[in-house]
Structure formats: structure tokens, C-alpha cells
> 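Sending over a structure as C-alpha cells; questions will come in a sec.
Owing to the predicted nature of the structure, the values given are computational and were not obtained by experimental measurement.
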Amino acid sequence: MTDNKKFGFSLIAINKNEYVKKLQTYGDRLADTVTRVAGSTAFLVLNVIWFTTWILINTGTFGENLIFDEYPFGFLTMVVSLEAIILAVFVLISQNRQSERSEARSELDYIIDLQADAEVSTIITILERLAEKQNIVIDDLLDDLSVTQKKILKEHKITRSDEDK
């Protein structure tokens with residue numbers, strides 16, 4: 001928050017990242033952490049080493065007495081399937097969280113835009129009053145502003161996605 005006591009008002013600033021962090025639950029943080037770890041090169045290397053070792057042990061490379069999951073490695077297949085299911089669920093949870101974070105940031109962007117609009121409108125009003133008091137003609141500048149705003153709106157039309165139509 002920025003204090004401006006000279007003019008008797010305070011501007012309110014919103015930290016979007018802090019706001020979004022406050023919305024996270026323990027489960028959200030866990031899902032994000034698991035997804036971050038599972039998406040790393042280290043995790044890939046660990047899996048390759050783990051499964052290679054499993055296969056080498058169970059093909060008798062280190063001795064027949066160590067074999068616990070004979071070819072076609074049914075137990076390995078089950079372990080890999082369970083790992084894939086669990087990781088897929090964590091990835092989906094994390095994606096949902098990312099979507100929620102994006103929506104929260106968009107809402108905060110809108111609020112900030114509204115705040116900025118109110119501040120700019122107030123500043124323009126102050127400048128108009130000052131110009132009027134000093135007998136300075138600013139109608140051409142205000143007309144230019146209006147033309148620029150219309151041009152921006154025309155060039156940046158909001159379109160709906162096929163889903164919304």
C-alpha cells in the first residue's frame with residue numbers, strides 16, 4: 001500500500017502471487033511438488049536406473065537366487081502401472097490448480113484495471129479542472145484520447161472461443 005498523505009488518500013496495491021499462495025491448501029502444494037519432481041530429469045534417470053536394475057536382477061544377471069519377478073515381469077508391470085496412475089492423478093490435480101491460479105490472477109488483473117481506471121479518471125478530472133482554472137484549452141487532447149481509445153478497442157476485439165458460442 002502506498003501512502004500519499006499530502007493528498008489525503010492511499011493507493012492499494014495487490015500482490016497477485018501472495019494472494020494466490022494464500023489460496024493453496026496442503027494437498028495443492030503436495031500435488032505441485034510431486035508434479036515438479038516427477039517432471040524432472042533426475043526422476044527420469046532414477047526410473048531408468050530402477051527399472052534397468054529390476055530387469056537385470058530378474059533376468060539372472062546377478063545370480064539366480066536374486067530373481068523375484070521372472071520374465072515377463074508381471075510385478076514390474078503392475079508397479080509401473082500404479083506409478084503411472086498415481087503420477088497422472090497428481091499431474092491432473094496440478095493442472096487444475098494452475099487453471100485456478102490463472103483464473104485468480106485474471107480476476108485480480110481485472111480489479112487492478114478497475115483501480116487504475118478510477119485513478120486515471122480522477123487524474124484526468126484534476127487536470128481538466130486545472131486547465132480550466134488556468135484557461136488552457138485541452139479539448140483537442142481529450143478528443144485525441146477518445147480516438148485512441150476507440151482505435152485500441154477496434155484493433156483488440158474480444159472474441160469468444162468455439163466452446164462459448
> Let's go through D28 and T25 carefully: what are the C-alpha distance in whole Å and the side-chain angles of both, what is the deciding distance for side chain to side chain donor-acceptor pair (under 3.5 Å) to 0.1 Å, and is it a yes or a no?
CA-CA 5 Å; D28 297 333; T25 65; 3.1 Å; yes
> How far does CZ of F62 sit from OG1 of T59, to the nearest 0.5 angstrom?
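Here the rounded value is 8.0 Å.
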> Are V79 and L44 connected, step by step, through hydrophobic side chains (Ile, Leu, Val, Met, Phe, Trp, Tyr) whose heavy atoms are closer than 4.5 Å?
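Shared cluster, no.
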> Tell me, yes or no, whether the heavy-atom count around E100 atom CD, taken from other residues, nucleotides or ligands under 6.0 Å, exceeds 12.
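Enclosed: over 12 neighbouring heavy atoms sit under 6.0 Å from CD of E100.
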> Should we say atom CD of E70 is surrounded by more than 12 heavy atoms from elsewhere, each under 6.0 Å from it?
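Atom CD in E70 is not packed in, count stays at 12 or less.
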> Kindly compute the distance separating OG1 (T148) from CG (D143), expressed to the nearest 0.5 Å.
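Here the rounded value is 10.5 Å.
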> Is there a side-chain contact between L30 and I93 (heavy atoms, below 4.5 Å)?
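No. Closest side-chain heavy atoms not under 4.5 Å.
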> Anything under 30° is parallel, anything over 60° is perpendicular, the rest tilted; go ahead and classify W54 against F75.
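Tilted: the ring planes of W54 and F75 meet at 30° to 60°.
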> Please determine whether residues V120 and I138 belong to a single hydrophobic cluster, defined as Ile, Leu, Val, Met, Phe, Trp and Tyr linked transitively by side-chain heavy-atom distances below 4.5 Å.
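Yes, V120 and I138 fall within the same hydrophobic cluster.
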> Checking side-chain contact (heavy atoms from CB on, under 4.5 Å) against V34, which of V91, V89, L87 comes through?
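Testing V34 for a side-chain contact (heavy atoms from CB on, under 4.5 Å) against V91, V89, L87 leaves exactly one candidate, L87.
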> So does F90 get a backbone contact from the side chain of S94, meaning a donor-acceptor N/O pair under 3.5 Å?
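No, because the side chain of S94 does not come within donor-acceptor range (under 3.5 Å) of the backbone of F90.
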> Treat each ILVMFWY residue as a node, draw an edge where side-chain heavy atoms are under 4.5 Å apart, and state whether L46 and I86 are in one component.
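No; tracing contacts between hydrophobic side chains, which count when under 4.5 Å, never links both residues.
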> Nearest 0.5 Å please: distance from the CH2 atom of W50 over to the CD atom of E83.
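So the gap between those two atoms works out to 10.0 Å.
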> Looking at CZ of R36 and CZ of R29, how far apart are the two atoms once the value is rounded to the nearest 0.5 Å?
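Answer rounded to 0.5 Å: 11.5 Å.
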> With no hydrogens and no angle check, is any side-chain donor or acceptor of D117 less than 3.5 Å from a backbone partner on D113?
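Between the backbone of D113 and the side chain of D117 there is no qualifying donor-acceptor contact (under 3.5 Å).
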> Without swapping roles, check the side chain of S40 against the backbone of V37 for a donor-acceptor pair under 3.5 Å.
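Checking the backbone N and O of V37 against the side chain of S40, a donor-acceptor pair under 3.5 Å is found.
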> Could you tell me the separation between the OG atom of S106 and the CD1 atom of I111, rounded to the nearest 0.5 Å?
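Taking OG in S106 and CD1 in I111, the distance rounds to 11.0 Å.
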> More than 12 heavy atoms of other residues, nucleotides or ligands under 6.0 Å from CZ of F68: is that the case?
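Yes, the 6.0 Å shell around CZ holds more than 12 heavy atoms from other groups.
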> Out of curiosity, does F51 fall in the hydrophobic cluster containing M78 (side-chain heavy atoms, cut-off under 4.5 Å, transitive links)?
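The answer is yes; both residues are in one hydrophobic cluster.
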> Could you see if V80 belongs to whatever hydrophobic cluster contains L82? Use Ile, Leu, Val, Met, Phe, Trp, Tyr and a side-chain cutoff under 4.5 Å.
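Linked within one cluster.
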> Would you say N58's side chain and Y71's backbone share a donor-acceptor pair under 3.5 angstrom?
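Checking the backbone N and O of Y71 against the side chain of N58, no donor-acceptor pair under 3.5 Å is found.
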> Using the rule given for side chain to side chain contact (heavy atoms under 4.5 Å, CB included), can you reason through T35 versus Q98, listing the C-alpha separation, both sets of side-chain angles and the distance that settles it, and then say yes or no?
CA-CA 12 Å; T35 302; Q98 183 61 39; over 6 Å; no
> Using atom types as modelled and distance alone, determine if a side-chain donor or acceptor of S99 lies under 3.5 Å from a backbone N or O of Q95.
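Side chain of S99 to backbone of Q95, a donor-acceptor pair under 3.5 Å: no, none is there.
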> Taking all atoms of both residues into account, what is the closest heavy-atom pair of L76 and D69, and its distance?
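Minimum heavy-atom contact is N-OD2, 2.9 Å.
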> Would you compute the distance between atom CG of L153 and atom NZ of K151 and round it to the nearest 0.5 angstrom?
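Result: 12.5 Å between the selected atoms.
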